[in-house]
Amino acid sequence: MNYGKQFKKACRHLGIKGKTLHSLRHTYAVRRWAITGEIKTVLEEIGHLSVVLKEHYAKLNLRRVRDDFPST
């Protein structure tokens, strides 16, 4: 089964545009980072050790992420 296609189909059905299965991975990483405060650990958990990705996430304002997701 192609999960990516199924996810896109479900999004279309719900009227959600511009999201992919990879969007869920990104959301998990950002929320997990807000919980742990350890970007290196989160990148290891999702299987990325790239410095480029570390820089990408480092551009996010962790305080704002925590404000946006108060349940974390």
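The basis for the numbers below is simple: all heavy atoms, side chains too, and nothing from hydrogens, waters or symmetry mates.
Considering every non-hydrogen atom in both Arg25 and Gly47, the closest pair reads NH2-N, 4.3 Å. The two atoms that bring Ser23 and Gly18 nearest to each other are OG-O, 4.5 Å, heavy atoms only. Residues Leu21 and Gly4 share a closest heavy-atom pair of CD2-N, 3.9 Å.
One distance of note links NE2 of His26 with OG1 of Thr20; it measures 10.5 Å at 0.5 Å rounding. Here the CG-NZ distance, from Asn2 to Lys8, works out to 9.0 Å after rounding to the nearest 0.5 Å. Atom CG of Leu24 is separated from atom NE2 of His22 by 10.0 Å, given to the nearest 0.5 angstrom.
Qualifying side-chain contact (heavy atoms from CB on, under 4.5 Å) partners for His13, counting only residues two or more places apart in sequence or in other chains: none. In terms of the salt bridge (charged side-chain N to carboxylate O under 4.0 Å, His left out) criterion, residue partners of Glu45 (sequence neighbours excluded) are, by chain and number, Arg32.
In terms of hydrophobic clustering, with Ile, Leu, Val, Met, Phe, Trp and Tyr side chains grouped at heavy-atom distances under 4.5 Å, Phe7 and Ile16 are assigned to different clusters.
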